S.K.: 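Before I ask anything, here is the structure I am working with.
This one's a predicted model, so the numbers in the text were calculated from it and none came from an experiment.
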Amino acid sequence: LMGPSCSALAGCALGSVFDLLVAPFWRTLLGPCSRESESLILKVANSWPARLVQLGISATALWVLRPLALDFYETSLNTVRWSLSHPQIMTKNSNGEIIDNIREAYFWLNKNTPADARILSWWDYGYQITGIANRTTLADGNTWNMDHIGLVGMVLSAPLEEGHRIARHLADYVLVWSEDIGKSTHMAKIANSAFPGHCEEIKCDQYGIFREGTPTPMMRDSLVWQMNRQRSSDWDGLYEQVFDNGKVRIAKVLKVSTQSRTWGLDSRNHLCDAPGSWYCPGQYPPLLRQLMGWDEAPQDNAEAVRHRAEYAERVTLQGAAAPGPHGPGLPAGSYLESCSGCSMQGDGDGKVLVCARCSSPGHASSRSRLDAALQCVSGLVDNIHGGLECKPEANSPDIPVGGYSGSCLGCKLTSGGSMLTCSHCGTADGHRKQSSISLDKCPGRYRIDNTNGNLICIGIPSASNIPLGGYRQSCQGCELNSDGSMLRCSHCLTASREQVEATFEMAKCPGTGQVDNHNGKLVCKGLPNAKNVPKGGYLKSCDGCRLEQDSQGFAVLACVGCTAADGGRIPASMSTRSCKHRVDNDDGRLVCAGVPNAPDIPRGAYQRSCQGCALDAASSVLRCSHCLTASKQQVDATLSMANCPSPGGVDNADGTLVCGGAS
């Protein structure tokens, strides 16, 4: 959103610089104007010596800026050429493994649905479904009719049966991505703007996820939640799951209205501006118009009568459930602006402040209470991310100076003045937490600051002879011992932004290796890999890899450190005896990848975490050479198919093949 403003301001700055650079050449060609001839200052500024100085500055500036300008040009060109002009639906994870779920879903649609099938999805995926799956979609990036977008949002965010009554007049299949849970709040809001009453109020706050992580009743009952989280293959006989690859789920709409489908396929109802034209605004089938109340529904259209009655009842019930105005005798505080339906309950000093709803950024509003609210020392109450809290006391006047005082409250000296304790320090996500720091670890010449709710000491110098490495950005007070064999840092940040002491033996990081900080521990990174190690995606995220021999003489691939999912570095090793394919890094562990499965193996969820699977000659035993355990180890697994009759699926339970898994 700030792009146009930034571009305009940058243009003004570049214009001023350009004017400064070309002014000497311009003045030389045209000569001074009348005003410049009358002003002594302008005469001096436009004299030949001054012009020569300007020319020298201009030439130097152009020489310095030229490579930067070329680099900016190349970066911009490549961004437009590759990133913007070539959007990708196939990506790679950190281990080099191709993530192909999206293309796989579109190809499935193309191969397994009728050519005239209508696909209902959120508008984001419309162009891809049309271009790759070659199927008709109900909305795409060029759908300007917000009422129509709202109708699609209504199907996805309304109660299951209510949305199905609409979907069966519009679509044959519904496609939902796993990311649609996050997007569905916008679906509900847009539906509410097109069809007032869909949500209780304009912000549609009743649709979302509570701060505890559970869905609101309205979200829980919606199609987008049911398809993503309930993991059912049949939703009350309304939809039937036909595809699921973990990223994309596709359901077939059951009980499709044949009358509405036939009406929609008739080109006479497309309202094209000319025969054969691509511009066809179209119109909704009559049964859907009656259902939505746009046309009068005859009494024999029982579906429309029922739908409108149930929708009106839902709107009425939602309105009745809305919180009322605040009650009397409430304590003062900022919560009054972000909470609704607040009242005092109980007797005496132990009265409880209860609010029916308190807003929480990024989450649905939820009920909140504060015991003994009238006993808050400050006399004020705040709403912190949906939770009622007493406003903290002011900071004591004798606390040390530091940046923390701007984001921490209730700060005072404790333990005889040796400890600084703050009752409420702001975190990055807007919450507050208690934090303390020993002043012995941060003498007066250093400063105390708040990072993500933790009091830390900053400004502690490190010795000048410490080795290079990424740790220098998050560790302070670093020094080598007398013989240079041990590196010690007094203050290294952890992942939770706390400061701890860390040490490292320099002998463990020889050659080109560099020391880094992982979660408060000093580790070595950047060690070269041996030339004879096997190929694979692990080479991008592991270093110090070499081939060794185990006690039986078999080759073992060992790496000094492999990057885990949390960014940490973990020593990793694996036997290459049973891995004739590529090696990958899976969360800091070396695994064999790309081992093909036989084409005739039974269906089941085990195929997502097992490789090298095949049935024996009699098809009586299923064997997989590489099945992942819960600890990401790969083990050999077998299952007697006599214990798993069709149509039961096979699953992988911690490296053991079991019968009865979902397909």
S.K.: Scan residues 434-450 for pairs that pass side-chain hydrogen bond (donor to acceptor under 3.5 Å, both in side chains), counting only residues two or more places apart or in two chains.
M.R.: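 Sorted pair list: Ser407-Asn450.
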
S.K.: Please find the pair of heavy atoms, one from Lys412 and one from Ser396, that lie closest to each other, and give the distance.
M.R.: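 Heavy atoms only, the tightest pair is CB-OG, 3.3 Å.
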
S.K.: Measure SG to SG for Cys355 and Cys339 and state whether it is below 2.5 Å.
M.R.: no

S.K.: Using side-chain heavy atoms (C-beta onward) and a distance below 4.5 Å, is Thr503 in contact with Met486?
M.R.: yes

S.K.: How about Val381 and Leu370: do any of their side-chain heavy atoms sit closer than 4.5 Å?
M.R.: yes

S.K.: If I take atom CD1 from residue Ile570 and atom CZ from residue Arg589, how far apart are they, to the nearest 0.5 angstrom?
M.R.: 5.5 Å

S.K.: Strictly under 2.5 Å separating the two SG atoms? Check that for Cys545 and Cys559, please.
M.R.: yes

S.K.: Go through the steps for Tyr125 and Asp180 under the test side-chain contact (heavy atoms from CB on, under 4.5 Å), then give the verdict.
M.R.: CA-CA 11 Å; Tyr125 325 125; Asp180 282 345; 2.3 Å; yes

S.K.: So, using ring pair (Phe, Tyr, Trp, His ring centres under 6.0 Å) as the criterion, who are the partners of Tyr335 when residues are at least two apart?
M.R.: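 Here no residue qualifies.
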
S.K.: Do Asn481 side-chain atoms and Ser485 backbone N/O form a donor-acceptor pair below 3.5 Å?
M.R.: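 Yes, because the side chain of Asn481 sits within donor-acceptor range (under 3.5 Å) of the backbone of Ser485.
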
S.K.: Does Gly594 offer a backbone N or O that forms a donor-acceptor pair with the side chain of Gln611 under 3.5 Å?
M.R.: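 Answer holds: yes.
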
S.K.: State, with a plain yes or no, whether a side-chain heavy atom of Leu420 is found less than 4.5 Å away from one of Pro400.
M.R.: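 The answer is yes, as the side chains (C-beta and beyond) meet within the 4.5 Å cut-off.
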
S.K.: Would Ser625 and Asp636 count as having a side-chain donor-acceptor pair, cut-off 3.5 Å?
M.R.: no

S.K.: Would you list the pairs meeting salt bridge (Lys or Arg N to Asp or Glu O under 4.0 Å) in which at least one residue belongs to residues 500-520, sequence neighbours left out?
M.R.: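 Checked against salt bridge (Lys or Arg N to Asp or Glu O under 4.0 Å) - neighbours excluded - the pairs reaching residues 500-520 are Arg488-Glu501, Asp516-Lys525.
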
S.K.: Please report the closest heavy-atom contact between Ser178 and Asn228, naming both atoms and the distance.
M.R.: CA-OD1, 3.2 Å

S.K.: Would you say the side chain of Pro467 lies within less than 4.5 Å of the side chain of Leu480, judging by non-hydrogen atoms?
M.R.: yes

S.K.: Restricting to non-hydrogen atoms, name the atom on Val635 and the atom on Gly655 that form the minimum distance, rounded to 0.1 Å.
M.R.: CG2-O, 3.6 Å

S.K.: Do Asn395 and Ser405 have side-chain N/O donor and acceptor atoms under 3.5 Å apart?
M.R.: no

S.K.: Checking Cys610 now: which residues fulfil side chain to side chain contact (heavy atoms under 4.5 Å, CB included) with it, not counting sequence neighbours?
M.R.: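 Counting only residues at least two positions away or on another chain, Cys610 forms a side chain to side chain contact (heavy atoms under 4.5 Å, CB included) with Tyr606, Cys613, Cys624, Cys627, Asn652, Leu657.
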
S.K.: Report yes or no: do Ser359 and Ser365 form a side-chain donor-acceptor pair below 3.5 Å?
M.R.: no

S.K.: Does Arg582 reach the main-chain N or O of Cys592 with its side chain, forming a donor-acceptor pair under 3.5 Å?
M.R.: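 Absent.
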
S.K.: Any side-chain heavy-atom pair from Thr563 and Cys542 closer than 4.5 angstrom?
M.R.: no

S.K.: Kindly state each residue pair satisfying ring-ring contact (aromatic ring centres under 6.0 Å, His included) with at least one member in residues 469-512, sequence neighbours excluded.
M.R.: none

S.K.: Answer yes or no: is there a donor N or O on one side and an acceptor on the other, between the side chain of Ser415 and the main chain of Met419, under 3.5 Å?
M.R.: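 No; zero donor-acceptor contacts below 3.5 Å.
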
S.K.: Report yes if the side chains of Asn529 and Asp543 come closer than 4.5 Å at any heavy-atom pair, otherwise no.
M.R.: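 Yes. Closest side-chain heavy atoms under 4.5 Å.
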
S.K.: Looking only at heavy atoms, what is the nearest atom pair of Ile437 and Cys457, with distance?
M.R.: CD1-N, 3.9 Å

S.K.: Could you pull out the closest heavy-atom pair between Tyr538 and Asp584, with the gap in Å?
M.R.: CB-C, 3.8 Å

S.K.: Applying salt bridge (Lys or Arg N to Asp or Glu O under 4.0 Å), name anything that partners Lys247, two or more places apart in sequence or on another chain.
M.R.: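 Glu179.
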
S.K.: Applying salt bridge (Lys or Arg N to Asp or Glu O under 4.0 Å), can you list everything that pairs with Asp100, at least two apart in sequence or on another chain?
M.R.: Arg103

S.K.: It should be assessed whether the SG atoms of Cys422 and Cys408 lie less than 2.5 angstrom apart.
M.R.: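 No.
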
S.K.: Ile466 and Arg472: side-chain contact (heavy atoms from CB on, under 4.5 Å), yes or no, with the steps?
M.R.: CA-CA 9 Å; Ile466 60 174; Arg472 302 176 80 171; 3.7 Å; yes

S.K.: At what distance, to the nearest 0.5 angstrom, does CG of Leu522 lie from SG of Cys475?
M.R.: 5.0 Å

S.K.: In Å, rounded to the nearest 0.5 Å, how long is the span from CG of Leu388 to SG of Cys358?
M.R.: 4.0 Å

S.K.: Should we count CD of Glu212 as having more than 12 external heavy atoms under 6.0 Å?
M.R.: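 For Glu212, atom CD is crowded (more than 12 foreign heavy atoms under 6.0 Å).
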
S.K.: Mind checking salt bridge (Lys or Arg N to Asp or Glu O under 4.0 Å) for Asp382 and listing every partner two or more places apart, or none if nothing turns up?
M.R.: Lys391, Arg432

S.K.: Counting only heavy atoms not in Glu393, do more than 12 sit closer than 6.0 Å to its CD atom?
M.R.: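 Result for CD/Glu393: open.
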
S.K.: For Val591 and Val583, run side-chain contact (heavy atoms from CB on, under 4.5 Å): C-alpha distance rounded to whole Å, both residues' side-chain angles, the deciding distance at 0.1 Å, then the answer.
M.R.: CA-CA 6 Å; Val591 297; Val583 180; over 6 Å; no

S.K.: Between Glu498 (side chain) and Leu493 (backbone), is there a donor-acceptor pair under 3.5 Å?
M.R.: no

S.K.: Should Leu439 and Ile448 be marked as a side-chain contact (heavy atoms from CB on, under 4.5 Å) after you check the CA-CA gap, both sets of side-chain angles, and the distance that decides it?
M.R.: CA-CA 9 Å; Leu439 297 185; Ile448 300 175; 3.8 Å; yes

S.K.: Go through the structure and list residues passing side-chain hydrogen bond (donor to acceptor under 3.5 Å, both in side chains) with Arg577, not counting sequence neighbours.
M.R.: none

S.K.: Quick one: salt bridge (Lys or Arg N to Asp or Glu O under 4.0 Å) partners of Asp550, sequence neighbours excluded?
M.R.: none

S.K.: With sequence neighbours excluded, give me every ring-ring contact (aromatic ring centres under 6.0 Å, His included) pair touching residues 418-440.
M.R.: His385-His431

S.K.: Please find the pair of heavy atoms, one from Thr494 and one from Val500, that lie closest to each other, and give the distance.
M.R.: CG2-CG2, 3.8 Å

S.K.: Sub-3.5 Å donor-acceptor pair from the side chain of Asn452 to the main-chain atoms of Arg497, do we have one?
M.R.: no

S.K.: With sequence neighbours left out, what residues match Gln514 under side-chain hydrogen bond (donor to acceptor under 3.5 Å, both in side chains)?
M.R.: none

S.K.: Roughly how far, to the nearest 0.5 Å, is OG of Ser334 from CG of Asn383?
M.R.: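 Reported to 0.5 Å precision, the distance equals 7.0 Å.
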
S.K.: State, with a plain yes or no, whether a side-chain heavy atom of Cys425 is found less than 4.5 Å away from one of Tyr404.
M.R.: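 Answer no - side chains too far apart.
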
S.K.: Atom CG in Leu455, atom SG in Cys442: separation rounded to 0.5 Å?
M.R.: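 Answer for the CG-SG pair, Leu455 versus Cys442, is 9.5 Å.
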
S.K.: For the atom pair OG (Ser423) and CD (Glu389), what is the distance rounded to the nearest 0.5 Å?
M.R.: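 If we round to the nearest 0.5 Å, Ser423:OG and Glu389:CD are 9.5 Å apart.
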
